[in-house]
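So you know, we letter chains A, B, ... as the sequences are listed, proteins then strands, and number each from 1.
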Amino acid sequence: MDEIQGERIRALNSRGLQRGEYVLYWMQSSVRTEYNHALEYSVERANALDLPLLVFFGVTDKYPNANLRHYRFLLEGLEEAKGSLEDRGIRMIVQHVSPEMGAIALSGGSAMTVVDVGYTRELKAWRRKVAERIGCPLIGVESNVVVPVEAASIKEEYSAATIRPKIAKKLPLYLVPLRERELQNQSVDFDARASDFSNLGEVLGKLEIDRSVGRAEMFQGGTSSAMKRLDEFIDGRLDDYAEFKNDPTKDVVSNLSPYLHFGHISPLHVALEVDGVDSPGKESFLEELIVRRELAINFVNYNKDYDSFECLPEWCRKTLGEHASDPREYTYSLAEFERAETHDPYWNAAQAEMVMTGKMHGYMRMYWGKKILEWSRGPEEAYRIAVRLNDKYELDGRDPNGYAGVAWCFGKHDRPWKERPVFGKIRYMNDRGLRRKFDADLYVKKVGDL
DNA sequence: ATCGGCTCGCGCAA
DNA sequence: TGCGCGAAGCCGAT
């Protein structure tokens, strides 16, 4: 049985195979050697053509909203991926170049080019450009979802309830292990002007990036860190996950989202590991990892306005519009929010947690977004502020999960509730809810101790 | 502490 | 066409 399901693979142009020196794998979204369908597919094709494989990653310093925090994490993962590819006899080059331009240049020597698939507009635009410009086939492979996006649904889904049965139906087909293929021809003879990755600090120093957001000390990028976290999560915290996942004073969440965002770990690999144990938290975690995460990806894939107010369903925009001029008890600017200068110690703690650690607890993300809606001058401005702060400070920012998370705070994937000022029919949350569910003051103290 | 109402639209049953 | 039901809730009534 071929474990790389056909629905994961798509030709992105209609060029024929070329007489090339190698097969090129343009790595972009799946920076790992384990459980990487694009890599294994590339190895299969290289073996079938009796060609060596060349893996390429382009590091651009122009990626929107990315800063030192994100680049450091990215590069830590890249360094590890490069090493583990070499252990498999696969040559990887990393260049300081705009990824699509680097892929176009290297495709000049390739028989065919393979790329792993991401869903945000920057990644789609790069793929489109490469597909048009190169003379050989460009093949996209989906490895960062359990169920390929269009296999799950061919349209934007309305809610978790509508996508859940569709994913459940397809799951047996895709929740299966991926075998590692051995590359036959390891004689790649390519004199690349590749960046030297022996010194990560030096590479970071060369990039012209925003350095105002510092390293997230708690998170070290790379597959081995991700796997270590996964093991610790399954052994120590999964049992309590269902009961305490919404309690930010407890340490029960997996903290894998930065690794999933940068492709340092495969969601399929995580799902299989968790599925293989007997734990009361299993079902709840798989719901988050697969149904919620892939609902978010469905949203970004099918809704071109995924990072702005315009993405919201009609009833949300209408009700928020009707309350746009309601008096606000408090209003803050982007800068005030950013500096955590609101009157609310819980909100400030959540913001501080994100700025300091690079990852806000999932439950607080809801409260955080709801309050930005409540305390901004209007819903469109609130939307921009929430997306901006999320993208800038979260290690898992600039990701479908983040965009869907912000959208949910404004009513997306949710239902209407009793109408009230400012929110209209959008679900409301307040600080009493936090105190009802957990020791909110302990959370403030915990963040203060960081 | 617990319960019902709030309110829209999807999708299935009929 | 009717009807059940839905990511994380709130609020007032009992």
Item checked: Spatial distance of atom CG (A:Leu78) from atom NE2 (A:His264) [nearest 0.5 Å] -> 6.5 Å
Item checked: Spacing of OG belonging to A:Ser266 relative to CZ belonging to A:Arg32, to within rounding of 0.5 Å -> 4.5 Å
Quick one: which of [options] gets closest to the side chain of [X]?
| X | options | answer |
| --- | --- | --- |
| A:Tyr363 | B:dG9, C:dA7, C:dG9 | C:dG9 |
| A:Thr162 | B:dC10, C:dA8, C:dG6 | B:dC10 |
| A:Tyr428 | C:dC10, C:dA8, B:dC10 | C:dC10 |
| A:Pro416 | C:dC11, B:dC6, B:dC8 | B:dC8 |
| A:Arg415 | C:dC10, C:dG6, C:dA8 | C:dG6 |
| A:Trp408 | B:dC6, C:dC10, C:dA8 | C:dA8 |
| A:Lys166 | B:dG11, C:dA7, B:dG9 | B:dG11 |
| A:Lys437 | C:dA8, C:dG9, B:dC8 | C:dG9 |

Does the side chain of [X] come under 3.5 Å of the side chain of [Y] through a donor N or O and an acceptor N or O?
| X | Y | result |
| --- | --- | --- |
| A:Asn144 | A:Arg293 | no |
| A:Tyr393 | A:Gln351 | no |
| A:Tyr174 | A:Glu7 | yes |
| A:Asp247 | A:His361 | no |

So what does [X] touch, heavy atoms closer than 4.0 Å: a base, only the sugar-phosphate, or nothing?
| X | answer |
| --- | --- |
| A:Glu314 | nothing |
| A:Lys155 | sugar-phosphate |
| A:Trp315 | sugar-phosphate |
| A:Met429 | sugar-phosphate |
| A:Arg365 | nothing |

Are OP1 or OP2 of [N] and a side-chain N or O of [X] less than 4.0 angstrom apart?
| X | N | answer |
| --- | --- | --- |
| A:Asn246 | C:dA8 | no |
| A:Lys245 | C:dA8 | no |
| A:Arg420 | C:dC11 | yes |
| A:Arg432 | C:dC11 | yes |

Check: Any side-chain heavy atom of A:Glu142 within less than 4.5 Å of one from A:Tyr119?
Finding: yes
Length of the [atom1]-[atom2] vector between [X] and [N], whole Å:
| X | N | atom1 | atom2 | answer |
| --- | --- | --- | --- | --- |
| A:Lys318 | B:dT7 | NZ | P | 12 Å |
| A:Trp417 | B:dG4 | CH2 | C1' | 12 Å |
| A:Phe285 | C:dA7 | CZ | C1' | 16 Å |
| A:Leu295 | C:dA8 | CG | C1' | 14 Å |
| A:Glu157 | B:dG9 | CD | C1' | 13 Å |
| A:Tyr158 | C:dC5 | OH | P | 17 Å |
| A:Arg164 | B:dC10 | CZ | C1' | 14 Å |

Notebook entry, point to check: Do the side chain of A:Glu294 and the main chain of A:Val147 share a donor and acceptor less than 3.5 angstrom apart?
Noted result: yes
Margin query: If you take the centroid of each ring, where Trp contributes its six-membered ring, are A:Phe244 and A:Phe438 closer together than 6.0 Å?
Written below: no
Between [M] and [N] - [atom1] atom distance, rounded Å:
| N | M | atom1 | result |
| --- | --- | --- | --- |
| B:dG9 | C:dC10 | P | 23 Å |
| B:dC12 | C:dA7 | P | 15 Å |
| B:dG4 | C:dC5 | C1' | 16 Å |
| C:dG9 | B:dC10 | P | 24 Å |

Margin query: Could you spell out the base pairing of DNA chain B as a dot-bracket line? Use Watson-Crick and G-U wobble contacts where both distances are under 3.5 Å, [ ] for crossing pairs, | for partners on a different strand.
Written below: ||||||.||||||.
